[in-house]
Enquirer: 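Just dropping this structure here.
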Amino acid sequence: MRGPVDRLFPNLPHGARVVVDWVVTIVLAVLIVLVVKAWVVNPYRIPSPSMEPALHCARPEPGCEANRSDRILANRFIYRFRDPRRGEIVVFHSPKAAEAACTGGIFVKRIIGLPGDVWAERNGFTYIDGKRLAEPYVRTERRDAQTKTLADIPPTGTLQRIPKSMYLMEGDNRDHSCDSRVWGLVPRASIIGKVFLTYWPLGRIGTP
């Protein structure tokens, strides 16, 4: 059976057809990888201790528990079909306010506050609409002692309830996390995807 290269270039010598066939195969493979990264799944590395112990960063960074940083995969298309949910770990573009408060770039945090929620933190414990939120992912020794309401986060003094299409993000390592409590809420448009797999190191393969 004749391949597409043979049909397109019937007069090419055999050696040239082999070269063209390899070039086409490589180009297509690269295009497929780029499409998958852009629209389906993308890998990320954990650079800081803000999500310990669910996601490890590498020592000697203070607060990191592992010798190697976790590598994770984020599902980029899931939120095209449904809304983000509380408790999901997500990858997102950091707000401009985060650049001044800590750093910019791509962040990995957990969704804590949803649109319409009244969020508060009392003595380090999270409350949603006045009810304490169960957070088994936050270790006792990594909990802070802050007391805040939405009015205390940027833009300070303006929020009573989380607005439509906005989300409040926090790290599991509450005492060492630069998150929404410091720089404010994250618009849905900035959320890249949901973290669904730790793929490296091999001993850490699994769902975070």
Side-chain angles (χ1 to χ4, degrees), residues 42 44 46-55 57 62-63 72 74-196 208:
N42 210 17
Y44 299 91
I46 303 302
S48 77
S50 71
M51 284 302 295
E52 291 281 5
L55 297 173
C57 59
I72 58 173
N75 183 330
R76 297 177 64 96
F77 67 87
I78 188 170
Y79 295 137
R80 296 177 183 270
F81 302 99
R82 67 165 176 84
D83 293 331
R85 297 169 182 167
R86 192 187 329 276
E88 292 180 337
I89 300 174
V90 295
V91 179
F92 58 95
H93 297 285
S94 61
K96 289 184 178 180
E99 297 181 13
C102 40
T103 185
I106 305 298
F107 282 7
V108 180
K109 307 287 183 187
R110 195 181 295 273
I111 297 175
I112 301 299
L114 302 175
D117 283 348
V118 176
W119 169 93
E121 185 177 22
R122 302 173 195 162
N123 299 317
F125 291 91
T126 301
Y127 290 79
I128 301 295
D129 297 333
K131 296 180 180 180
R132 182 165 155 179
L133 183 65
E135 297 187 286
Y137 39 79
V138 180
R139 287 184 181 174
T140 301
E141 67 273 15
R142 293 186 179 275
R143 194 177 293 280
D144 61 23
Q146 295 187 56
T147 294
K148 288 187 173 184
T149 67
L150 283 172
D152 296 314
I153 71 173
T156 307
T158 63
L159 297 175
Q160 295 182 338
R161 191 177 294 273
I162 298 177
K164 181 180 178 180
S165 298
M166 300 294 285
Y167 294 83
L168 188 143
M169 311 290 191
E170 295 187 56
D172 292 354
N173 188 5
R174 296 290 162 79
D175 202 32
H176 293 86
S177 177
C178 185
D179 52 35
S180 286
R181 298 169 299 169
V182 177
W183 36 254
L185 305 176
V186 176
R188 177 168 177 166
S190 294
I191 299 177
I192 298 170
K194 176 183 179 293
V195 175
F196 71 95

Enquirer: With side chains defined as the heavy atoms from C-beta onward, is the minimum distance between Phe125 and Glu135 less than 4.5 Å?
Expert: no
Enquirer: Do Leu159 and Leu185 have side-chain heavy atoms sitting under 4.5 Å apart?
Expert: yes
Enquirer: Does Val108 reach the side chain of Ile89, with side-chain heavy atoms less than 4.5 Å apart?
Expert: yes
Enquirer: Side chains of Cys57 and Ser48, heavy atoms from C-beta outward: is any pair under 4.5 Å?
Expert: no
Enquirer: Search all heavy atoms of Pro49 against all heavy atoms of Pro62 and return the closest pair with its distance.
Expert: CG-O, 3.3 Å
Enquirer: Decide side chain to side chain contact (heavy atoms under 4.5 Å, CB included) for Val90 and Tyr79; before the verdict, give the C-alpha distance in whole Å, the side-chain angles of both, and the deciding distance to 0.1 Å.
Expert: CA-CA 11 Å; Val90 295; Tyr79 295 137; 3.3 Å; yes
Enquirer: Which atom names give the shortest non-hydrogen contact between Ile72 and Leu55, and what distance separates them?
Expert: CG2-CD2, 3.7 Å
Enquirer: If you look at every heavy atom in Asp152 and Thr147, which pair is closest and at what distance?
Expert: OD2-O, 4.5 Å
Enquirer: Ignoring hydrogens, what is the shortest heavy-atom contact between Trp183 and Cys178? Give both atom names and the distance.
Expert: NE1-O, 3.2 Å
Enquirer: Can you name the nearest heavy-atom pair linking Ile192 to Arg76, along with the distance?
Expert: CG2-NH1, 3.3 Å
Enquirer: Can you tell me how far apart OH (Tyr137) and CD (Glu170) are? Round to the nearest 0.5 Å.
Expert: 8.0 Å
Enquirer: Going through the distances and angles, do Val91 and Val195 end up as a side chain to side chain contact (heavy atoms under 4.5 Å, CB included)?
Expert: CA-CA 7 Å; Val91 179; Val195 175; 3.6 Å; yes
Enquirer: Applying side-chain hydrogen bond (donor to acceptor under 3.5 Å, both in side chains) as the test, list every pair that has at least one member in residues 99-115; sequence neighbours left out.
Expert: Ser50-Lys109, Lys109-Ser177, Arg110-Asp172
Enquirer: Considering only heavy atoms from C-beta outward, does the side chain of Phe92 approach that of Pro84 to under 4.5 Å?
Expert: no
Enquirer: Any chance you could measure Asn173, atom CG, to Glu52, atom CD, to the nearest 0.5 Å?
Expert: 7.0 Å
Enquirer: Identify whether the distance between the nearest side-chain nitrogen and carboxylate oxygen of Lys131 and Asp129 falls below 4.0 Å.
Expert: no
Enquirer: Quick check: do Ile111 and Lys194 have side-chain heavy atoms less than 4.5 Å from each other?
Expert: no
Enquirer: Run through Val186, Ile128, Thr126, Leu150 and flag the one making a side chain to side chain contact (heavy atoms under 4.5 Å, CB included) with Leu168.
Expert: Leu150
Enquirer: Below 4.5 Å, heavy atoms only, C-beta onward: do Arg174 and Gln146 meet side chain to side chain?
Expert: no
Enquirer: Answer yes or no: is there an ion pair linking Arg82 with Glu88, defined by an N-O contact shorter than 4.0 Å?
Expert: yes
Enquirer: Tell me, which pairs form a side-chain hydrogen bond (donor to acceptor under 3.5 Å, both in side chains) where one or both residues lie in residues 156-169, sequence neighbours left out?
Expert: none
Enquirer: Can you see which heavy atom on Pro208 is nearest to which on Ala54, and at what distance?
Expert: CB-O, 4.3 Å
Enquirer: Under 3.5 Å, is there a donor-acceptor pair between the side chain of Ser94 and the main chain of Gly105?
Expert: yes
Enquirer: Roughly how far, to the nearest 0.5 Å, is the CE atom of Met169 from the CD1 atom of Ile191?
Expert: 4.0 Å
Enquirer: With the side chain counted from C-beta on, respond yes when Ile112 and Leu133 share a heavy-atom pair under 4.5 Å apart, and no when they do not.
Expert: yes
